[in-house]
Asker: 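Below is one structure. I have some questions about it.
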4 protein chains.
Amino acid sequence: MTKVTQAHIDARTEAILDAAMKMIVQKGVHGATIEEIAAEAGLSAGAIYRYFASKEDVLRAVIAQQMKQDRALMEQALASTDSVLHALLSAVQAVWAGLKSEKARDETILSLETTLAAARQSAELGAERRQMRKAEITMLEQCVRQAQEAGEIDPAVDGRALAVMLLACHLGAHQLDLELQDSADTDALLAGVIKMLHKFAPQVKKEEEHKPCHPPSWTDRIARKERYS
Amino acid sequence: MTKVTQAHIDARTEAILDAAMKMIVQKGVHGATIEEIAAEAGLSAGAIYRYFASKEDVLRAVIAQQMKQDRALMEQALASTDSVLHALLSAVQAVWAGLKSEKARDETILSLETTLAAARQSAELGAERRQMRKAEITMLEQCVRQAQEAGEIDPAVDGRALAVMLLACHLGAHQLDLELQDSADTDALLAGVIKMLHKFAPQVKKEEEHKPCHPPSWTDRIARKERYS
Amino acid sequence: MTKVTQAHIDARTEAILDAAMKMIVQKGVHGATIEEIAAEAGLSAGAIYRYFASKEDVLRAVIAQQMKQDRALMEQALASTDSVLHALLSAVQAVWAGLKSEKARDETILSLETTLAAARQSAELGAERRQMRKAEITMLEQCVRQAQEAGEIDPAVDGRALAVMLLACHLGAHQLDLELQDSADTDALLAGVIKMLHKFAPQVKKEEEHKPCHPPSWTDRIARKERYS
Amino acid sequence: MTKVTQAHIDARTEAILDAAMKMIVQKGVHGATIEEIAAEAGLSAGAIYRYFASKEDVLRAVIAQQMKQDRALMEQALASTDSVLHALLSAVQAVWAGLKSEKARDETILSLETTLAAARQSAELGAERRQMRKAEITMLEQCVRQAQEAGEIDPAVDGRALAVMLLACHLGAHQLDLELQDSADTDALLAGVIKMLHKFAPQVKKEEEHKPCHPPSWTDRIARKERYS
DNA sequence: TATGAATGAGCGTTCATTCAT
DNA sequence: AATGAATGAACGCTCATTCAT
């Protein structure tokens with residue numbers, strides 16, 4: 001007899017999560033109220049509770065979704081196989097390219113909000129977050145190791161150290177991008193990272209052959225980049 | 001004419017700010033209550049309002065203070081003069097050493113909280129934050145430039161790009177440290193950064209002579225560092 | 001013309017009342033939700049409103065039904081005719097036997113809930129309840145009177161007083177049984193009441209000849225009853 | 001510096017409890033809202049939480065107070081020593097006298113409300129309630145035993161059974177009184193109980209010598225009592 | 001007729017803020 | 001100047017009730 005399909009329920013759930021993400025970004029985890037989230041999702045406050053057991057539950061779902069997307073993004077970026085160094089560079093560039101996207105700011109804020117929530121609230125969330133970071137580091141490390149075996153990166157380099165540095169650069173770049181807003185110079189940062197990776201190569205001469213995929217030549221655009229006001 | 005000296009007022013103000021900082025770190029901006037802050041500062045809730053107009057006012061003051069301290073820390077770290085590269089490395093190490101200190105976690109949390117507040121609330125706060133980051137980058141860039149002029153870093157390197165990368169590494173390292181908790185491997189990260197800086201040098205041979213100041217040889221401790229579980 | 005017969009409507013109404021009774025017993029008048037009642041009755045929440053105007057309406061109906069059942073129970077218990085004292089004792093025992101039944105607890109709770117509702121809510125409900133109690137007392141009083149006329153109870157005894165006492169014992173016994181749960185000693189209470197009734201007999205010698213009907217010898221079981229912990 | 005004394009706090013607490021009791025009696029445990037209780041106590045809703053941690057806490061306190069008073073009343077009533085039967089009769093009369101008091105109705109409702117809460121909600125409350133009833137029964141039983149030893153009650157009577165019966169009569173009388181309102185005939189009930197107790201005496205002749213203490217001769221007033229309308 | 005998604009009023013509770021002391 | 005009792009607005013959440021399907 002029910003006309004309301006599972007698809008409808010899923011759509012609503014999705015809408016609530018989107019609305020919640022938007023409000024969290026705008027007002028923060030505590031500042032976002034259920035009423036606002038509901039209004040943003042086109043519902044009344046009470047209706048939220050047909051889809052989530054509590055506000056905390058909504059928050060958890062938002063965070064979980066964001067973490068899943070985060071990891072998927074990196075996995076996918078590292079999936080290229082022709083040259084490991086190439087893949088690494090592609091990954092770096094793909095992630096960096098995200099900074100330019102519309103939702104970058106929101107995602108960064110949400111990520112920081114998650115970091116704080118994980119650092120403070122439930123130990124469970126913290127553990128989950130730690131697992132995610134470890135997995136990310138391990139993925140990067142394997143990538144670096146493969147590049148070393150392929151002779152693309154100096155075998156003397158500590159793979160893990162480089163992986164951690166890359167991840168830190170990634171996280172810091174997002175934060176800087178958020179803080180510097182329009183005047184951010186993340187292109188310069190990308191160029192720096194790429195140059196650094198090349199410096200780690202055994203031979204310094206292959207500096208030109210990797211020319212990236214989708215975002216056409218970030219490196220080139222650095223020169224055109226306006227200086228800070 | 002007043003019995004209550006300015007010094008007394010300042011002391012109280014300071015105590016309130018310290019207490020607020022502590023509570024914000026523990027509970028977050030919204031989670032920290034005036035009553036808790038007052039108790040931590042040794043006052044009653046009502047007394048706060050003799051020194052600050054509102055809770056938001058307290059928060060703003062805490063953030064402002066944190067930003068001032070942040071900038072001071074970096075300025076001081078870069079004040080060394082004998083060798084610019086040496087100074088840079090010292091600065092990097094000094095900041096990194098902070099990660100190990102008792103208050104590192106608190107300061108990172110507060111910094112992220114500030115980042116979020118600046119990204120969200122008043123445009124004024126955001127502008128202030130942007131200025132701070134720009135100044136930091138400029139400081140680092142000048143440092144790099146000097147090192148290049150002194151022949152310590154390859155002149156072909158984009159100074160600003162390197163500066164941005166260093167700052168991003170710094171910020172990201174703090175965040176990672178917060179998220180990985182005890183299992184963080186910031187030593188490896190420091191080693192990576194140092195190695196990277198050396199890679200940027202024209203001659204690779206000066207790798208050993210900079211041996212740092214207070215925290216005795218982070219580089220050495222990297223080898224002893226246990227792997228992730 | 002209607003496909004839906006009156007029988008169907010009655011069956012649904014009955015099912016809803018049963019479900020409501022069950023939920024009221026479990027959760028109390030306020031604690032029972034329409035949704036739970038509906039689920040228990042095998043309907044959706046909205047369907048209830050085809051049979052009852054409001055939740056309060058359902059509650060009223062439940063209470064009315066309970067009061068009707070209450071009175072019917074006592075009328076039936078007193079219907080025996082061979083010996084009036086015998087009938088009285090049978091009635092007492094039948095009611096007491098109910099304490100042991102599965103539904104005793106539920107009925108007691110519902111009865112107390114009804115008592116409270118009658119004492120608080122509509123004056124109409126209160127009047128109805130009062131009528132019920134008066135009728136019960138009158139029934140018992142007539143019974144006692146007949147026993148007195150039959151020479152089974154001392155004619156000097158105030159029939160109404162004894163009737164009131166018997167009813168009070170009955171009500172109190174149910175309440176005690178509810179409160180003492182498994183460790184209740186209602187057998188002892190029954191024995192006391194029976195002994196009391198015999199004490200009221202002109203001659204004390206007929207103490208043995210009434211041996212009850214269904215529940216085999218409550219009196220005998222008293223001795224076996226364990227003491228309170 | 002505080003002008004607000006402990007006495008003030010105690011007074012407020014008391015006021016809240018009184019208000020809570022009043023509202024519970026009027027609307028029931030669930031129907032009584034914090035706002036109403038606060039208003040009745042002359043406070044705003046939020047102020048309640050300076051004195052009690054939660055609504056449930058207020059309820060618990062009300063119930064605990066009521067139970068304490070209940071037990072105290074019975075203990076005191078049984079404290080007389082000249083004649084145990086006399087004490088028992090006094091106790092019965094004292095409790096019965098309470099039925100006439102202004103607050104009797106409220107206390108009965110509160111007691112029933114407590115009974116229901118104990119039967120349903122926390123097992124802790126239920127256990128407490130059970131303890132209370134057991135203690136009451138034990139007290140009455142000892143009283144009966146002493147009366148038996150003093151030759152005032154037939155030694156063949158089961159002391160515990162009589163005690164349980166007395167308590168049940170007590171509880172039932174309160175309930176009946178609540179339901180019959182003004183037309184209740186609790187005097188007749190008292191007379192019945194007294195007569196019953198005398199019937200249990202070895203010799204029936206001492207029927208006149210106990211003439212009670214404070215409430216002057218309930219027995220006498222029975223005759224004047226109007227019949228039901 | 002029956003459904004169950006949605007509403008919206010109202011609850012318990014928290015907490016920034018005020019103010020009599 | 002400092003207290004902390006009190007306020008009152010707002011939050012998260014529940015649930016009786018409605019109504020499109």
Side-chain angles (χ1 to χ4, degrees), chain A residues 1-5 8-9 12 30-38 41-59, chain B residues 2-4 8-9 12 30-39 42-59, chain C residues 2-4 8-9 12 30-39 42-59, chain D residues 1-5 8-9 12 30-38 41-59:
Chain A
M1 213 66 67
T2 324
K3 219 42 90 32
V4 179
T5 60
H8 176 254
I9 292 178
R12 279 273 193 261
H30 279 94
T33 71
I34 281 286
E35 195 134 9
E36 284 170 332
I37 292 172
L43 290 161
S44 67
I48 298 276
Y49 293 87
R50 286 206 156 267
Y51 302 92
F52 295 93
S54 64
K55 182 186 174 181
E56 203 186 323
D57 212 49
V58 177
L59 263 34
Chain B
T2 27
K3 273 303 172 21
V4 179
H8 177 253
I9 292 178
R12 281 273 197 257
H30 280 89
T33 71
I34 282 285
E35 198 125 8
E36 284 170 332
I37 293 171
L43 295 139
S44 66
I48 298 271
Y49 291 84
R50 293 216 157 259
Y51 302 92
F52 295 92
S54 66
K55 183 187 176 184
E56 205 186 321
D57 212 48
V58 177
L59 263 34
Chain C
T2 28
K3 272 302 172 21
V4 178
H8 177 252
I9 291 179
R12 280 273 194 258
H30 280 90
T33 71
I34 282 285
E35 198 124 9
E36 285 169 332
I37 291 172
L43 295 140
S44 66
I48 297 273
Y49 290 85
R50 293 216 159 260
Y51 302 92
F52 294 92
S54 66
K55 184 186 175 184
E56 207 186 318
D57 212 48
V58 177
L59 264 33
Chain D
M1 214 67 67
T2 324
K3 218 47 83 39
V4 179
T5 60
H8 176 254
I9 292 178
R12 279 275 193 261
H30 280 94
T33 72
I34 282 286
E35 195 134 8
E36 284 170 333
I37 292 172
L43 289 161
S44 67
I48 297 276
Y49 293 86
R50 289 206 155 265
Y51 302 92
F52 295 92
S54 65
K55 182 185 176 183
E56 204 186 321
D57 213 48
V58 177
L59 264 34

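In what follows, every chain begins at residue 1, and chains take the letters A, B, ... in the order their sequences are listed.
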Asker: Shortest non-hydrogen contact from A/I37 to A/A32?
Answerer: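 Where A/I37 meets A/A32 most closely, the heavy atoms are CD1-CB, 4.4 Å.
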Asker: Find the partner of F/dA10: check Watson-Crick (N1-N3 plus N6-O4 or O6-N4) and G-U wobble (N1-O2, O6-N3) distances, both under 3.5 Å, and reply none if neither fits.
Answerer: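 The base-pairing partner of F/dA10, which may sit in any strand shown, is E/dT13.
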Asker: Using heavy atoms to find the nearest nucleotide of DNA chain F for B/G42 and A/K55 separately, return the residue whose nucleotide is more 5′.
Answerer: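 Nearest nucleotide further toward 5': that of B/G42.
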Asker: Under 4.0 Å, counting only non-hydrogen atoms across every strand here, what does C/A53 touch: a base, just sugar-phosphate, or nothing?
Answerer: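 It contacts nothing in the nucleic acid.
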Asker: How long is the line joining OH of A/Y49 and P of E/dA6, in whole Å?
Answerer: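 Taking atom P of E/dA6 as the reference, OH of A/Y49 is at 15 Å.
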Asker: Could you tell me how far apart C/R50 (CZ) and F/dT18 (C1') are, to the nearest whole angstrom?
Answerer: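 Answer to the nearest Å: 12 Å.
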Asker: How many whole angstroms separate atom CD of A/E35 from atom C1' of F/dC11?
Answerer: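 Rounded to whole Å, this separation is 9 Å.
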Asker: For C/A38, which contact category applies under a 4.0 Å heavy-atom criterion: base, sugar-phosphate, or nothing?
Answerer: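 The answer is nothing, as C/A38 stays clear of every strand by at least 4.0 Å.
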Asker: For D/S44, which contact category applies under a 4.0 Å heavy-atom criterion: base, sugar-phosphate, or nothing?
Answerer: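 It contacts base atoms.
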Asker: Could you measure the distance from the CG atom of A/D57 to the CD1 atom of A/I48? Nearest 0.5 Å is fine.
Answerer: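 That separation rounds to 11.5 Å.
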Asker: Roughly how many Å is it from NE2 in B/H30 to P in E/dA16, rounded to a whole number?
Answerer: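 My rounded result for the distance is 10 Å.
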Asker: Distance check needed: F/dC13 P versus A/L43 CG, whole Å only.
Answerer: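 Those two atoms, CG and P, are 16 Å apart.
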Asker: At 4.0 Å (heavy atoms only), tell me whether B/A32 reaches a base, stays on the sugar-phosphate, or touches nothing.
Answerer: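 Sugar-phosphate contact only.
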Asker: With a 4.5 Å cut-off on side-chain heavy atoms, are A/L43 and A/R12 touching?
Answerer: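 Contact flag for A/R12/A/L43 side chains = yes.
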Asker: What is the distance, to the nearest angstrom, from the CZ atom on C/R12 to the P atom on E/dT3?
Answerer: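 So the two atoms are 7 Å apart, to the nearest Å.
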Asker: So if I take every side-chain heavy atom of C/A47 and compare against F/dA16, F/dT3, E/dT3, which nucleotide ends up nearest?
Answerer: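 Nearest to the side-chain atoms of C/A47, counting from C-beta on, is E/dT3.
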Asker: Nearest-Å distance, CD1 (D/I34) to P (F/dA10)?
Answerer: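 My rounded result for the distance is 21 Å.
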Asker: Decide if atom CD of A/E36 counts as having more than 12 heavy atoms of other residues, nucleotides or ligands within a radius under 6.0 Å.
Answerer: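 Correct, the count exceeds 12.
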Asker: Students often get this wrong, so: under 4.0 angstrom with heavy atoms, is D/Y51 touching a base, only sugar-phosphate, or nothing?
Answerer: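 Sugar-phosphate, no base atom in range.
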Asker: In terms of the nearest nucleotide of DNA chain F, which residue is placed more toward the 5' end: A/E56 or D/A45?
Answerer: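 It is D/A45 whose nearest nucleotide is closer to the 5' end.
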Asker: Please give the nucleotide sitting opposite F/dA1 as a Watson-Crick or G-U wobble pair, both distances under 3.5 Å, or none.
Answerer: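 Pair assignment: F/dA1 / none.
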Asker: For the pair made of CD1 in D/I48 and C1' in F/dT7, what is the distance, rounded to whole Å?
Answerer: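 Checked: the CD1 to C1' distance equals 13 Å.
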Asker: Could you tell me which nucleotide pairs with E/dG8 by Watson-Crick or G-U wobble geometry, both distances under 3.5 Å, or answer none if nothing does?
Answerer: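 Check on E/dG8: paired to F/dC15, both distances under 3.5 Å.
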Asker: What nucleotide among E/dA2, F/dC13, E/dT17 has an atom nearest to a side-chain atom of C/H8?
Answerer: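 Minimum distance to the C/H8 side chain belongs to E/dA2.
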Asker: Hey, what do you get for OH (A/Y49) to OG (A/S44), rounding to the nearest 0.5 Å?
Answerer: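 Going from the OH atom of A/Y49 to the OG atom of A/S44 covers 11.0 Å.
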